[in-house]
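Quick notes on the structure that follows.
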Amino acid sequence: MPVGSMTWWRPAAAGLAAALLGLGAGGIAAAIVARAFSPFVVVGSAVIDLTPGPMKEAVIRVFGHGDKAFLFIILAVVVAVLAAAAGVLEARRPWLGRVIILAGAAVGVAASLSRADATVVAAVPSAITGIVGAWALAFLMRRMPAAVPARAQTSPSRRTFLWWAGGAAAVGVLATIGGQLVTRTASAAANARSVFQLPRPAASAPAVPAAASLDVPGITPLITPLPQFYRTDVELVVPQLDPEQWSLRVHGMVKHPFTLSWKELNELPMEEHYITLACVSNEVGGPLISTAKWLGYPVRLLLERAGVTGDADMVYSESFDGYTAATPLSAMTDPNRASLLAIGMDDEPLPFARGFPARLVVPGLYGYVSATKWVVDLRVTRFADYKGYWVTQGWAEKAPVKQSSRIDVPRPGRTLKAGQQWVAGVAWQQHVGISKVEVQVDNGAWHEAELARELSVDTWVQWRWSWDATPGDHQLRVRATNAQGEQQTSGVSDVLPDGATGWHTVEVSVAS
Ligand SMILES: Nc1nc2c(c(=O)[nH]1)N[C@H]1C(S)=C(S)[C@@H](COP(=O)(O)O)O[C@H]1N2
Ligand SMILES: [Mo]
């Protein structure tokens with residue numbers, strides 16, 4: 001289609017509007033999946049990286065703190081010129097403009113992926129900018145009024161075009177602002193977390209006795225290093241809540257419902273407890289169990305303050321985004337069970353992925369019925385009236401952690417040297433305790449293992465047994481007995497609906 005000299009501005013406007021819509025879509029995508037990777041930010045960072053040192057210094061000298069603003073203005077001008085050019089070229093030759101937009105987005109993708117902290121999702125915002133931008137350009141071109149007045153009857157009207165182009169630009173600007181707001185809120189949370197000082201515990205956990213850890217290379221550490229702590233949640237992106245916006249509502253079947261602010265919570269006397277947390281999806285011998293030192297306020301005292309009434313039998317906890325868990329009321333009112341509204345983990349504020357600013361931890365119950373992260377609501381109610389998130393998916397309503405034990409050393413499939421070898425691992429039945437662990441080789445006799453000192457009744461315990469390994473293939477098996485004298489069942493059951501059972505068995509070969 002020939003473009004008259006009077007009408008070049010319409011294709012240019014289409015190019016600009018398409019670019020704005022694409023950038024807005026990219027900004028939203030960044031806010032959702034990769035905050036640090038909005039197209040402008042990654043390209044800007046790449047420009048900073050690629051700018052020679054003396055030039056950078058000159059810019060900083062001239063613009064001072066405005067250096068970033070200067071960079072973004074330059075970038076905006078470059079993008080605007082390219083976008084307008086893309087529109088004009090697209091009008092002359094279909095695809096040419098779209099290729100320019102896609103090429104610009106490809107620069108963003110390359111800049112994203114070149115960043116040290118990049119994963120594949122880093123490329124998503126720029127890719128979306130390109131796809132939406134190119135699509136919008138083609139879309140607007142089709143709504144372009146004809147340049148030759150004679151054809152004006154059959155082509156879309158000027159006004160229709162202006163509506164579409166203006167609409168696309170406006171949506172793009174709004175999306176960009178929205179994406180920025182989300183990103184800003186998240187960084188407010190990050191700032192708040194980084195300056196937050198955990199309150200001193202009113203009741204500290206005792207120091208870890210040396211005898212609680214056994215000296216065996218490869219054994220599971222008694223306290224799980226934070227990066228290795230297992231993680232399970234349904235949240236697509238790690239939520240970053242600003243504690244100033246956080247509060248916990250305690251209500252339902254209570255005399256005095258109340259709402260606790262972050263400030264009030266931090267003024268309450270905190271307790272420290274070592275607690276092992278386990279996931280119901282953990283297979284026999286699996287990794288979905290870990291131990292930390294938690295700092296928090298007993299949920300029991302919150303419930304006392306609210307004054308539970310009637311025949312309530314359950315506490316229904318809800319996270320800020322609607323994830324829920326139903327915990328037996330008795331587990332939360334028991335003065336001998338350290339059910340916590342936790343704000344600290346291993347002397348740090350909760351990491352964002354762990355529920356910052358606050359989560360629940362209940363010793364002895366699987367996480368899905370108790371350990372709600374980013375918790376904002378506790379409703380005292382009845383099992384008959386509410387179902388937790390996973391219970392509606394077929395998991396059991398009541399889910400105490402099953403007694404279990406695991407062989408960590410030697411690893412399955414290993415070839416060992418003949419002679420003395422440690423067979424070692426962990427055993428647990430939180431809130432009850434373990435009194436004995438036994439190891440069996442090749443269906444032979446059971447040998448009692450050495451147990452480490454128990455750190456608390458709510459944590460796992462390490463064990464080890466010295467095996468005189470003989471050449472050949474062997475099967476090692478472990479079973480635990482709890483503090484009430486009950487032996488771990490050999491009966492095999494699947495994780496669904498309420499946790500796996502069976503004796504962990506490991507096959508190894510011993511070299512001759
Ligand atoms: N908000 C929220 N809380 C949650 C979950 C979740 O998906 N969303 N998963 C639960 C499950 S199934 C477990 S096992 C524990 C895991 O806690 P972690 O990720 O800190 O190990 O959190 C629980 N709390
Ligand atoms: Mo879980």
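For ligands, and for the atoms within them, numbers begin at 1 and follow the listed sequence. Just so we're clear, the structure is a prediction, and the values are computed from it rather than from any experiment.
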| query | Within a radius of less than 6.0 Å around CG of D215, do more than 12 heavy atoms belonging to other residues, nucleotides or ligands occur? | reply | no

| query | Polar-atom distance check: D233 versus ligand 1, any N or O pair below 3.5 Å? | reply | no

| field | Contact partition for L277 relative to ligand 1, non-hydrogen atoms under 4.0 Å | value | side chain

| query | How far is atom 8 (N) of ligand 1 from its nearest protein heavy atom, and which residue and atom is that? | reply | E235 OE1, 3.0 Å

| field | N/O separation below 3.5 Å, W390 to ligand 1 | value | no

| said: Which residue and atom name correspond to the protein heavy atom nearest atom 2 (C) of ligand 1, and how close is it? | reply: Y323 CD2, 3.3 Å

| Atoms of ligand 1, numbered as shown, that sit under 4.0 Å from any heavy atom of R231 | 19 (O), 21 (O)

| said: Can you confirm, on distance only, whether ligand 1 has an N/O atom lying under 3.5 Å from any N/O atom belonging to D321? | reply: no

| field | ligand 1-proximal atoms of Y368, by part, heavy-atom distance under 4.0 Å | value | both

| query | Between V234 and ligand 1, is there a nitrogen or oxygen pair with a distance under 3.5 Å? | reply | yes

| Under 4.0 Å from any heavy atom of T372, which atoms of ligand 1 are there? | 3 (N), 24 (N)

| field | Pair Q429-N482, side-chain donor/acceptor within less than 3.5 Å | value | yes

| Residues R477, D442: salt bridge by 4.0 Å N-O rule | no

| request: Provide, to 0.1 Å, the distance between atom 21 (O) of ligand 1 and the closest protein heavy atom, together with that atom's residue and name. | output: Y230 O, 2.7 Å

| query | Within a strict 4.5 Å, meaning less than it, do heavy atoms of the R379 and V315 side chains meet? | reply | no

| atom 17 (O) of ligand 1: the protein heavy-atom neighbour that sits closest, reported with distance to 0.1 Å | R359 NH2, 3.0 Å

| query | Quick one: nearest non-hydrogen protein atom to atom 24 (N) of ligand 1, plus distance? | reply | A371 O, 3.0 Å

| query | What residue and heavy atom of the protein are closest to atom 19 (O) of ligand 1, and at what distance? | reply | K373 NZ, 2.5 Å

| With a cut-off of 4.0 Å, which atoms of ligand 1 are near a heavy atom of C279? | 14 (S)

| request: Say whether R406 and T220, considering side chains only, have a donor N or O and an acceptor N or O under 3.5 Å apart. | output: yes

| request: Tell me, yes or no, whether the heavy-atom count around Q197 atom CD, taken from other residues, nucleotides or ligands under 6.0 Å, exceeds 12. | output: no

| request: Heavy-atom distances under 4.0 Å are what count here, so tell me which part of Y366 touches ligand 1: side chain, backbone, both or neither. | output: neither

| message | Can you tell me if K417 has over 12 outside heavy atoms packed within less than 6.0 Å of its NZ? | response | no

| field | Part of S319 with heavy atoms under 4.0 Å of ligand 1, whether side chain, backbone, both or neither | value | side chain

| message | So for atom OH, which belongs to Y386, do other residues, nucleotides or ligands contribute more than 12 heavy atoms lying within a distance under 6.0 Å? | response | no

| Does a side-chain N-to-carboxylate-O contact under 4.0 Å join E244 and K263? | no

| remark: For atom 13 (C) of ligand 1, the closest protein heavy atom turns out to be T232 OG1, 3.4 Å

| said: At less than 4.0 angstrom from any non-hydrogen atom of F229, what atoms of ligand 1 do you find? | reply: 21 (O)

| field | Salt bridge flag under 4.0 Å for residues E272 and R200 | value | no

| Flag for Q420-S466: side-chain donor and acceptor within less than 3.5 Å | yes

| field | For atom 18 (P) of ligand 1, closest protein heavy-atom neighbour | value | R354 NH1, 3.3 Å

| request: Could you tell me whether Y389 approaches ligand 1 through its side chain, its backbone, both or neither, with non-hydrogen atoms closer than 4.0 Å? | output: neither

| query | Does R300 come within less than 4.0 Å of D334, counting only side-chain N to carboxylate O? | reply | no

| message | Does R305 qualify as a cation-pi partner of F258, given the criterion of NZ or CZ under 6.0 Å from the six-membered ring centre and within 45 degrees of its axis? | response | yes

